[in-house]
Amino acid sequence: MSVKSQLPIAAEAIREKGWLGAHRFLILRRASQVFFLLLFLLGPWFGLWWVKGNLAGSLTFDILPLTDPFVLLQSFLAGHWPAATALTGAAIVAAVYALIGGRVYCSWVCPINPVTDAAHWLHNKLDLQKGWQPKRGTRYWVFAAVLLVSALTGTIAWEFVNPVTLLHRGLVFGFGFAWVAVVAVFLFDLVVSRRGWCAHVCPVGTFYGLLGEASVLRVSAARRADCDDCLDCFAVCPEPHVITPALRGSDGSTPLILSGDCTNCGRCIDVCAPAVFEFAHRFDSRPTPARRERNRVEVPVS
Amino acid sequence: MSAQQTRPSRPNRRRVLTDAARAAGACAIVGLGLAKVAVDARALPAQALRPPGALPEADFLGTCIRCGLCVRDCPYDTLSLAELGVDGAATGTPFFVAREVPCEMCDDIPCVAACPTGALTAELDTIDDARMGTAVLVDEEHCLNALGLRCDVCYRVCPVIDKAITLEMRHNVRSGHHAIFMPTVHADACTGCGKCEKSCVLPEAAIKVLPVRLARGEAAEHYRLGWEEMERKGAPVVEGIIDLPDRLPGPSTDNLAAPGGYEPAFKLPGIKQ
Ligand code: SF4
Ligand code: SF4
Ligand code: SF4
Ligand code: SF4
């Protein structure tokens with residue numbers, strides 16, 4: 001390991017680009033999460049009904065219907081062909097995320113993300129063990145199980161327990177004991193499994209990941225030749241395995257992070273002092289020389 | 001790395017198999033847990049009524065996405081989304097409790113118009129056709145009308161007055177010379193709006209709207225009501241039927257001596273024939 005990797009995460013980037021520069025996308029992301037939540041709260045809090053409903057389904061300015069395509073998929077498997085409004089809404093949502101990256105939902109919109117990010121922050125602060133790290137395929141099994149149960153019971157199965165909508169609906173319509181589910185997710189990420197919920201369990205994230213497999217907006221390790229092996233990007237990335245092929249690829253290989261697991265959070269762009277990463281598009285084919293052959297370290301990927 | 005490559009493939013294959021088995025096991029546990037929750041969620045409490053036009057409960061749970069748009073568009077704040085561990089109905093699904101806020105039976109049915117999924121079916125175009133439940137006079141021992149007074153409130157407030165509820169006059173046996181105006185619900189016209197339950201003047205309503213599954217019995221498929229059949233046919237249903245004499249209750253059994261009856265084998269002492 002290089003000396004630099006002993007520094008606190010992003011220290012180098014803060015020195016290079018200033019605190020703001022090294023937290024640009026993190027701040028934008030939090031702003032976006034607050035923005036989307038506020039849109040839904042304007043009605044119940046201030047009587048300004050621009051957006052009605054919740055993340056499962058909504059109506060904006062009394063004209064734009066939006067529906068969660070994952071919820072609708074379960075409904076379809078449960079044996080119901082939804083009405084046109086819901087279908088239109090789901091098509092719009094699916095098209096947008098298929099374009100900008102499915103898991104943009106996870107990092108820029110989902111209200112559970114700040115919860116699991118907080119758990120991760122505390123996890124690091126307390127220097128806890130990473131705990132149970134499920135296999136890469138686990139989330140697909142959970143996803144399949146949810147679809148299967150929907151089909152067998154004829155219900156929208158995940159909506160009975162989905163912490164994402166429980167939290168969002170709780171904030172917009174009233175909680176009951178739904179906060180228990182949120183606390184459970186927080187504790188799960190804190191003490192059971194580091195980054196466990198979003199990266200290994202949540203079928204909503206899995207769905208959006210699959211939806212965004214071929215998305216146009218992608219992060220690119222465009223200046224990978226400048227990488228100085230500080231490993232900060234791996235430390236902040238919620239899905240570190242997606243970075244390796246792009247950053248460590250050879251001369252001919254693409255520097256684009258093409259995995260659907262990447263959440264397009266842009267945190268890797270933030271924390272990289274030599275500014276290796278940038279947002280790019282899928283068809284970007286500028287030649288990108290590989291990282292120089294010095295200081296090669298084996299990257300621990302869980 | 002190299003150690004792994006030179007290792008024979010069998011342990012690897014075994015590991016792949018164990019991993020797959022473990023994943024499948026975990027998946028089965030998650031699935032079973034979820035299925036249990038999903039099945040439990042069908043137990044809708046009796047006082048939780050679904051909005052107008054709601055599909056039958058089993059279909060509703062597969063269709064309603066819990067968006068709350070029906071809740072938002074209800075002008076009387078009748079509806080709310082069930083909260084986990086508080087309301088009993090499946091979490092996030094819309095419902096109302098008649099005794100709290102009944103449905104005002106809006107002519108334009110805004111809740112149905114708002115529903116994006118068809119969980120509240122657009123086939124309901126006349127609110128009088130809604131069947132959110134059925135009112136039942138559950139407590140004749142406390143209902144004021146049933147006691148012989150003239151409260152009449154449930155009857156007066158009914159939006160489908162004289163069809164869904166009527167007052168049926170009968171003799172007041174207790175006083176011997178008054179009438180009882182019995183509130184009587186007719187399920188074929190009752191929408192289950194809950195106005196009657198809401199308005200019942202008693203501390204606990206004597207008339208309650210129950211889900212149809214609880215409120216109503218069901219006749220067996222093959223049952224026929226003779227008098228209805230006769231009316232439909234305009235003649236007795238069975239030809240050439242023998243009209244047997246009617247037996248009367250009590251000790252005066254002389255009528256039994258008529259044709260088709262029988263002569264008692266003994267005479268009870270002290271009874272004049
Ligand atoms: S690769 Fe970068 S943008 Fe993608 S999830 Fe990781 S940190 Fe976020
Ligand atoms: S008919 Fe009117 S009052 Fe009744 S639930 Fe629908 S919107 Fe509310
Ligand atoms: S509007 Fe329809 S889908 Fe949405 S909560 Fe009401 S019944 Fe369910
Ligand atoms: S619930 Fe009561 S008030 Fe409403 S239609 Fe039925 S009898 Fe009338």
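Just so you know, these numbers come straight off a predicted model, no measurement behind them. Labels below follow one simple rule: chain letters A, B, ... track the order of the sequence lines, proteins then strands, and each chain is numbered from 1.
When each of A/Trp158, A/Trp49, A/Phe173 is checked for heavy-atom pairs under 4.5 Å with chain B, A/Phe173 comes out on top. Note on A/Gly79, A/Ala178, A/Gly137: by heavy-atom pairs under 4.5 Å with chain B, the leading option is A/Ala178. The residue among B/Gly92, B/Ala119, B/Ala114, B/Gly118 with the most heavy atom pairs within less than 4.5 Å of chain A is B/Gly92. Ranking A/Pro82, A/Ala78, A/Gly174 against chain B, the residue ahead of the rest is A/Gly174, based on heavy-atom pairs under 4.5 Å.
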Please table the atom pairs, donor to acceptor, closer than 3.5 Å between any side-chain atom in residues 44-56 of chain B and protein atoms at least two apart or in another chain.
from	atom 1	to	atom 2	distance (Å)
B/Arg50	NE	B/Glu57	OE1	2.9
B/Arg50	NH1	B/Thr93	OG1	3.0
B/Arg50	NH1	B/Pro94	O	2.8
B/Arg50	NH2	B/Glu57	OE2	2.7
B/Arg50	NH2	B/Thr93	OG1	3.4

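Residues A/Phe160 and B/Arg66 have side chains in contact (heavy-atom distance under 4.5 Å, counting atoms from C-beta outward). Between A/Val172 and B/Arg72 there is a side-chain heavy-atom pair separated by less than 4.5 Å. When side chains are defined from C-beta on, A/Asp68 does not count as touching B/Ile65, because their heavy atoms never get closer than 4.5 Å.
Of the atoms belonging to A/Thr67, it is side-chain heavy atoms, and not backbone ones, that fall under 4.5 Å from chain B. B/Ala58 touches chain A through its backbone: at least one of N, CA, C or O sits under 4.5 Å from a heavy atom, while the side chain does not. For A/Ile156, the parts sitting under 4.5 Å from any heavy atom of chain B are the backbone and the side chain alike. For chain A, the nearby part of B/Leu81 is the side chain; its heavy atoms alone come within less than 4.5 Å. Of the two parts of B/Cys64, only the backbone, made up of N, CA, C and O, holds a non-hydrogen atom closer than 4.5 Å to a non-hydrogen atom of chain A. Residue contact with chain B, scored on non-hydrogen atoms closer than 4.5 Å, involves the side chain of A/Leu166 exclusively. For a residue to count as touching a neighbouring chain, one of its non-hydrogen atoms must lie under 4.5 Å from one of that chain's; by this rule A/Leu72 touches chain B with the side chain only.
With a 6.0 Å radius and a threshold of 12 heavy atoms from other residues, nucleotides or ligands, B/His142 has its NE2 atom at or below the threshold. Crowding of B/Asp108 atom CG: a count of heavy atoms from other residues, nucleotides or ligands under 6.0 Å exceeding 12. Heavy atoms of other residues, nucleotides or ligands lying less than 6.0 angstrom from CZ of A/Phe143 number more than 12. Around the CZ atom of B/Arg213, the shell of radius 6.0 Å holds more than 12 heavy atoms that belong to other residues, nucleotides or ligands.
The two atoms that bring B/Cys67 and A/Gly57 nearest to each other are CB-O, 3.4 Å, heavy atoms only. B/Gly31 and A/Val149 get closest at one heavy-atom pair: O-CG2, 3.3 Å. For B/Val86 against A/Gly176, the heavy-atom pair with the smallest separation is CG2-CA, 3.5 Å.
Between atom CG of residue A/Asn54 and atom CG of residue B/Leu69 there is a gap of 7.5 Å, rounded to the nearest 0.5 Å. A distance of 9.0 Å separates OG1 of A/Thr153 from CG of B/Leu61, quoted to the nearest 0.5 Å. Once rounded to the nearest 0.5 Å, the distance linking CZ of B/Phe60 with OG1 of A/Thr155 reads 13.0 Å. Between the OG1 atom of B/Thr91 and the CZ atom of A/Arg169 there is a distance of 7.0 Å, given to the nearest 0.5 Å.
Sequence neighbours left out, the pairs with a member in residues 38-62 of chain A that pass salt bridge (Lys or Arg N to Asp or Glu O under 4.0 Å) are A/Lys52-A/Asp62, A/Lys52-B/Asp73.
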